[in-house]
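Have a look at the structure below, then the notes.
Because only heavy atoms are used, hydrogens play no part in the values below, and waters and symmetry mates are left out as well, while side chains stay in.
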2 protein chains.
Amino acid sequence: MKISTKGRYALRVMIDLAQHDNGEFIALKDIADRQQVTVKYLEQIVSALNKAGMLRSMRGNSGGHRLARPADQYRVGEILRVMEGDLSPVDCVGDPPAACPMQEGCATVEFWRGLGRVVNQYVDSYTLQDLADQDLTERVLSYSI
Amino acid sequence: MKISTKGRYALRVMIDLAQHDNGEFIALKDIADRQQVTVKYLEQIVSALNKAGMLRSMRGNSGGHRLARPADQYRVGEILRVMEGDLSPVDCVGDPPAACPMQEGCATVEFWRGLGRVVNQYVDSYTLQDLADQDLTERVLSYSI
DNA sequence: TTTATATCATACTTTTTACGTAGGAAAAAG
DNA sequence: CTTTTTCCTACGTAAAAAGTATGATATAAA
């Protein structure tokens with residue numbers, strides 16, 4: 001029940017880009033220095049974020065990356081799901097749902113589905129801007145199962 | 001962000017014991033047949049549940065296992081945490097919390113702590129009896145970060 | 001008291017996934 | 001045309017997850 005390092009780093013990269021956003025492209029080297037991760041490892045993560053349309057990238061000298069949209073237009077959940085897939089706790093309630101031999105009359109599937117829903121609602125209740133600003137003031141959600 | 005098979009099986013074992021509770025000890029063989037898992041694998045899981053005080057076990061002929069308390073006295077979260085540990089999404093907000101070189105001024109730690117809280121509140125909002133009865137009627141929690 | 005049936009304890013194997021590294025191609029700017 | 005950067009893909013290693021195997025120990029019943 002853990003978020004992978006790729007998911008964690010992806011979020012930190014996006015926060016870093018939000019906090020250092022000045023309209024210019026920011027090189028991975030700079031992010032790597034600040035976040036204490038190798039450029040090579042970040043390349044993989046940023047490549048996935050790029051393909052998912054999360055950022056704009058430019059090659060070559062003075063190239064780099066910047067956010068594709070304003071930071072308050074990203075739900076944190078969107079970013080995490082790029083690296084982690086749907087955040088479902090078990091495969092049978094994932095997307096696509098995995099087949100399960102015990103499906104009929106399974107006493108747990110709806111419970112798991114509800115957990116996935118709760119997790120996704122939580123991570124979607126914050127924007128990238130919230131984290132970049134460290135704005136974690138109390139917020140209340142209600143959810144139903 | 002997945003629950004392990006041990007966590008899933010542990011829950012199914014407990015539900016099975018709740019549904020077939022007749023005061024007698026129930027042999028792993030019976031559970032294994034119903035749940036389509038090997039006895040040998042279940043032994044490991046049940047051993048952990050037993051050590052955690054989740055059930056009463058009896059060796060020997062006509063031995064087996066039964067719940068240590070009424071099914072409505074188990075929070076589902078208790079059962080899951082036996083197999084999964086605390087259900088925190090990252091180690092730095094776990095119990096015990098792992099050291100992190102980037103601690104000071106980390107923009108994500110409180111976000112992760114909140115996610116762990118939400119997950120634990122959800123799994124603790126159901127009792128074993130709820131799942132055994134398939135009683136997943138809507139319930140609403142509110143949580144704060 | 002022997003036998004059959006269970007749990008209990010531990011170690012081992014296998015498979016999968018996570019994590020990180022490496023090498024080089026392609027593009028852009030100066 | 002050189003430097004700097006992203007881009008692409010493959011590879012390696014280590015850790016964790018998943019499942020097996022062996023044998024000891026306890027209990028009830030024959």
Side-chain angles (χ1 to χ4, degrees), chain A residues 1-13 17 24-33 35-68 80 82-85 89-91 94 98 100-101, chain B residues 1-13 17 24-33 35-68 80 82-85 89-91 94 98 100-101:
Chain A
M1 202 60 183
K2 288 278 186 283
I3 295 284
S4 72
T5 61
K6 288 195 179 175
R8 288 187 286 117
Y9 288 166
L11 186 53
R12 279 164 54 184
V13 165
L17 286 173
E24 308 285 306
F25 290 102
I26 295 170
L28 276 191
K29 186 170 160 304
D30 299 336
I31 302 174
D33 287 349
Q35 300 296 329
Q36 302 279 59
V37 189
T38 64
V39 169
K40 277 296 179 191
Y41 198 29
L42 283 189
E43 279 181 0
Q44 288 183 24
I45 291 158
V46 159
S47 168
L49 291 170
N50 191 19
K51 279 174 182 161
M54 296 282 143
L55 33 82
R56 290 295 124 84
S57 304
M58 177 69 97
R59 290 183 173 188
N61 204 332
S62 79
H65 308 270
R66 58 179 161 79
L67 297 183
L80 293 178
V82 171
M83 307 309 294
E84 303 286 319
V90 295
D91 286 335
C100 168
Chain B
M1 202 59 185
K2 289 279 186 284
I3 295 285
S4 72
T5 60
K6 289 196 178 175
R8 289 187 285 117
Y9 290 167
L11 186 52
R12 279 165 53 185
V13 165
L17 285 173
E24 307 286 305
F25 290 103
I26 295 169
L28 276 190
K29 186 169 160 306
D30 299 336
I31 302 174
D33 287 347
Q35 300 296 328
Q36 302 279 58
V37 188
T38 65
V39 169
K40 276 298 173 192
Y41 198 30
L42 283 189
E43 280 183 357
Q44 285 184 28
I45 291 158
V46 159
S47 168
L49 291 171
N50 191 20
K51 279 175 183 162
M54 296 283 143
L55 35 81
R56 289 296 124 83
S57 305
M58 178 70 99
R59 289 187 176 187
N61 203 331
S62 79
H65 309 271
R66 58 179 161 78
L67 297 183
L80 293 178
V82 170
M83 307 308 295
E84 302 287 316
V90 296
D91 287 335
C100 169

Task: Residue pairs, two or more places apart or on separate chains, that pass salt bridge (charged side-chain N to carboxylate O under 4.0 Å, His left out) and touch residues 40-64 of chain B - done: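 Every pair satisfying salt bridge (charged side-chain N to carboxylate O under 4.0 Å, His left out) with a residue in residues 40-64 of chain B: K40(B)-E43(B).
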Non-neighbouring partners of [X] that pass side chain to side chain contact (heavy atoms under 4.5 Å, CB included), sequence neighbours left out:
{"X": "S62(B)", "result": "none"}
{"X": "D30(A)", "result": "I26(A), A27(A), R34(A)"}
{"X": "E24(B)", "result": "N22(B)"}
{"X": "M58(B)", "result": "F25(B)"}

Task: Span of DNA chain C in contact with chain B (heavy atoms, under 4.0 Å) - done: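 The footprint of chain B covers dA4(C) to dA11(C).
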- [ ] Take the C1' atoms of the five end pairs on each side of the helix from dT1(C)-dA30(D) to dG30(C)-dC1(D), derive the two axes, and give their angle rounded to 10 degrees.
- [x]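 It comes to 10° between the two terminal axes.
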Would you please name every residue forming a side chain to side chain donor-acceptor pair (under 3.5 Å) with [X], sequence neighbours left out?
{"X": "S4(B)", "result": "E84(B)"}
{"X": "Y9(B)", "result": "none"}
{"X": "R12(B)", "result": "Q35(B)"}

TODO: With sequence neighbours left out, write down each residue that passes salt bridge (charged side-chain N to carboxylate O under 4.0 Å, His left out) with K2(A), or none if nothing qualifies.
DONE: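 With neighbours one apart ignored, the set is D91(B).
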Open item on the list: Can you measure F25(B) atom CZ to dA26(D) atom P for me and round it to whole angstrom units?
Closed with: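 F25(B) atom CZ is separated from dA26(D) atom P by 16 Å.
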Open item on the list: How would you summarise protein contacts on nucleotides 8-15 of chain D per nucleotide, using B for base, S for sugar-phosphate only and - for none, with heavy-atom distances below 4.0 Å?
Closed with: B-B-----
